[in-house]
Participant: 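One structure, pasted below without further comment.
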Amino acid sequence: MNVVVPHLRVVPQPGSPSPLRHVIEAQQFTVPLLMDLFDRTRLMERIVARGGTLDYQNRILAALFYQPSTRTRFSFESAMYRLGGRVLSTEHARVFSSEIEGEQVEDSIRVIGNYADVIVIRHPEEGGAQRAAQVSPVPVISAGDGNGGQHPTQALLDLYTIYRERPLNGLTIAFIGELDRARTARSLAYLLAKFDRMKIFFVSPPELQVKPDILEYLERHGVQYELETNFEAVAGEADVIYQTRIRPERLTGIQDPRQYAIDSGILRRMKGNAMILHPLPRTVELDKSVDDDPRALYFRQAINGLYVRMALLTMLLDSCR
Amino acid sequence: MNVVVPHLRVVPQPGSPSPLRHVIEAQQFTVPLLMDLFDRTRLMERIVARGGTLDYQNRILAALFYQPSTRTRFSFESAMYRLGGRVLSTEHARVFSSEIEGEQVEDSIRVIGNYADVIVIRHPEEGGAQRAAQVSPVPVISAGDGNGGQHPTQALLDLYTIYRERPLNGLTIAFIGELDRARTARSLAYLLAKFDRMKIFFVSPPELQVKPDILEYLERHGVQYELETNFEAVAGEADVIYQTRIRPERLTGIQDPRQYAIDSGILRRMKGNAMILHPLPRTVELDKSVDDDPRALYFRQAINGLYVRMALLTMLLDSCR
Amino acid sequence: MNVVVPHLRVVPQPGSPSPLRHVIEAQQFTVPLLMDLFDRTRLMERIVARGGTLDYQNRILAALFYQPSTRTRFSFESAMYRLGGRVLSTEHARVFSSEIEGEQVEDSIRVIGNYADVIVIRHPEEGGAQRAAQVSPVPVISAGDGNGGQHPTQALLDLYTIYRERPLNGLTIAFIGELDRARTARSLAYLLAKFDRMKIFFVSPPELQVKPDILEYLERHGVQYELETNFEAVAGEADVIYQTRIRPERLTGIQDPRQYAIDSGILRRMKGNAMILHPLPRTVELDKSVDDDPRALYFRQAINGLYVRMALLTMLLDSCR
């Protein structure tokens, strides 16, 4: 079945959020904009389920990855294809030219902005996506920048995954792992702060704890949070357990990576209706035995990533027509 | 001309082969399934010749190559395009994430299975494609796994190339080269064993001979075979000479790689209606002077690869609708 | 808006240029062929501006890059998409097979010629594109070969950029930079030689000057040229300043790379209606402060590259139907 659905134009309503231009950091998203995005996302779910498509066939997405990340790249590219569009793609943008080193992202964007209608960039430096957006003639979406930067579209799909299960207020969320480098956790914390009566636990060895900028943001927005080192102590309280990668080599000799892993003991302590999220890929912190637990939603996150990115692309492409 | 042909649905006939789910090894293919595939392949030849296409425009193929193989990848991707479909592609899946090592193929497949309708995988380990198929929500096609594994679609196109020239029975086939690592020869031997009165010569230095698992399979299926070291001795008997790569550094000092190469002496001994096949790329074992011989079919194999893969994709995509 | 425009068939007119088969070097282009190309290019500009497309949806372009060059590759691929077509792509064709070294481009082309309707090749050796064209069953376009070879489509877009501003006769053009390796400057010099009353300055340190083959060509075609080392001396005379990359490490100790750079002093000396071209990427020879000067056309070159390549693809694809 080939269902063709017409463009979803952003019809400006009184009080509606202003159209998106670029997607660089999670803080950009207001609650009304998130709700608009999630409405579109539900619609995308239905269109894909029916085997339908949309009529963006003359629009081109450029995936400009300075570091390979096949899954994130495929997620965006598949989203563009499901909308009917086309894709330009590189996962080695760092070797942009065979001849010179040190080329700047700004020139690349100004050139590629002539060849594509939207650019998805993964950049190794914090602020790389922002630099791209400043000069781009077309919308730029960050697909992650730097180790301690953000990954806003991952946070959007994480939030949507929670939202599909439970209303977005009064939730307790525990982030576990190497939180100083967990850009997905950073971005999601910014989004959670926009909703009411949220409580956040950050569970990590002290030297790998989340950076102060996040905590300051939460304080400014009146969000309750606690820093923890003991996963077991909070496992029973959390509505959402957001596990991130642990590289054992980053732990000191006295720490056991299993302290920050989900195992059968943690599963027993967890609430019956809790959700386990993980941005993937995983290392030692999330055993495959957890995959069969009904609370494990990390593969659901992957499919939601498709729908959220489709919805986001329609927003950006419609607003720049 | 833009001929649009409707889907070729697998209409279950009494006694028809059961629909394919994954393509992992040549042994999967029964003779009726092969004949069904080859009928579809002929149809694909005609559609491409007319400049036509099919209506798979909402279907996405993901090419997930852990090792680069531009030709095989392009062959699959072109097949998907000629069907009207879309393509996600990586030839460096090994560096799947920029941040961690040792990620397992299973998680990648479970995620990518959300973004594509069929996955083509080239994996460096024997059994890698099988592991992928076991967890995949969508059909998986092996595009080669391991040095001593299989390359089933290459064998299908090889067999189709023979079938286009001659009925598939009573043929004598000589495989020449480094047969211990020739996964294309391995896969083709499995297919040949399904037909009547086939005779196979394996011509190779003893230390590079085909592995015992193939020979045991042939014995179980009553196929006559002989191990040979002397190419000249069998060149005159073969209906098909299947030459594979020889890396001179794998031969011992006393052996001359030219012993296992096709040269003017071999050409003179060969039957007038014999066929020369080679999976390409070639090194020293197949001189360019052979290209003009009318018995040389190795570039014909390449175009047949397109048609066979188109046909195979229609089988897989139709059966999972 | 989705404007579909029918094929632009090459209708042979009395005295019209013969159809193009391959695009390997700038010398191939006669003035009538250039004018035909530029007419098509103008049409492409209008089609893209209207958000339209053409009906090449069953045609496939293969981008076969032996060296990465994301921008040039994206320019060709975007052009094919804007025509409605499909794209096969690799930027690591050198590792064409995971198993062998030293494979020759000829076999690759003969195989890929079955999978695509046109091949764009970037090859590291001078003559690589010509070797490809000699065996290809489909049109081949060089996207640059060797350090001292050519880059004909860059020269076509450069010439088109000049042509959009000024009639192509009686112009003074100054090439600045490492001219011995500037394949874009080499290709453009060949094109300029086809027009009347052109004067060319080659401004470079003597040891990096343009190679004699170009000068001999200009002499044979009666084009006036001068070799210069002093940029300031010619900046005021030029209608077009074509700046190319300078790698400071190639200059001897006594030379200052700023001698061959565009700075505020050069800008003041330049004619008010001069044009500054640069093939990009840039290093030290072109400061970002120049970007805002209305005479700077190098980002205009990038968008013109899209239109020229669209036009060129229609010529090649129409002529081989």
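Because the structure is a prediction, the values reported are computed rather than measured. By convention in this document, chain letters (A, B, ...) are assigned in the order of the sequence lines, proteins followed by strands, and residues within each chain are numbered from 1.
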Participant: Can you tell me how far the CZ atom of B/R71 sits from the OG1 atom of C/T90, to the nearest 0.5 Å?
Facilitator: 12.0 Å
Participant: I want to check something: taking the side chain as every heavy atom from C-beta on, are C/I60 and B/R82 in contact at a cut-off of under 4.5 Å?
Facilitator: yes
Participant: Identify the two heavy atoms, one from C/E91 and one from B/E91, that lie closest to each other, and give their separation to 0.1 Å.
Facilitator: N-OE2, 4.2 Å
Participant: Please report the closest heavy-atom contact between B/G51 and C/N58, naming both atoms and the distance.
Facilitator: O-ND2, 3.1 Å
Participant: Are any non-hydrogen side-chain atoms of C/Q104 and B/R282 less than 4.5 angstrom apart?
Facilitator: no
Participant: Are C/R110 and B/D291 side-chain neighbours, meaning at least one heavy-atom pair lies under 4.5 Å?
Facilitator: yes
Participant: Chain B: which of C/A62, C/S89, C/G113 shares the most heavy-atom pairs with it under 4.5 Å?
Facilitator: C/S89
Participant: Counting only heavy atoms not in B/R258 (residues, nucleotides, ligands), do more than 12 fall under 6.0 Å from its CZ?
Facilitator: no
Participant: Roughly how far apart are C/Y115 OH and B/E77 CD, rounded to 0.5 Å?
Facilitator: 11.5 Å
Participant: Looking at B/A302 and C/N114, what are the two nearest heavy atoms and their distance?
Facilitator: CB-ND2, 3.6 Å
Participant: With the side chain counted from C-beta on, respond yes when C/Q57 and B/T53 share a heavy-atom pair under 4.5 Å apart, and no when they do not.
Facilitator: no
Participant: With side chains defined as the heavy atoms from C-beta onward, is the minimum distance between B/S78 and C/L88 less than 4.5 Å?
Facilitator: yes
Participant: What I'd like to find out is whether the side chain of C/H92 reaches to under 4.5 Å of the side chain of B/T70, using heavy atoms alone.
Facilitator: no
Participant: Give a yes or no on whether the backbone of B/G85 and the side-chain of C/R86 come within a donor-acceptor separation of less than 3.5 Å.
Facilitator: yes
Participant: Exactly one of B/Y298, B/F299, B/F74 should register a side-chain contact (heavy atoms from CB on, under 4.5 Å) with C/V111. Which one does?
Facilitator: B/F299
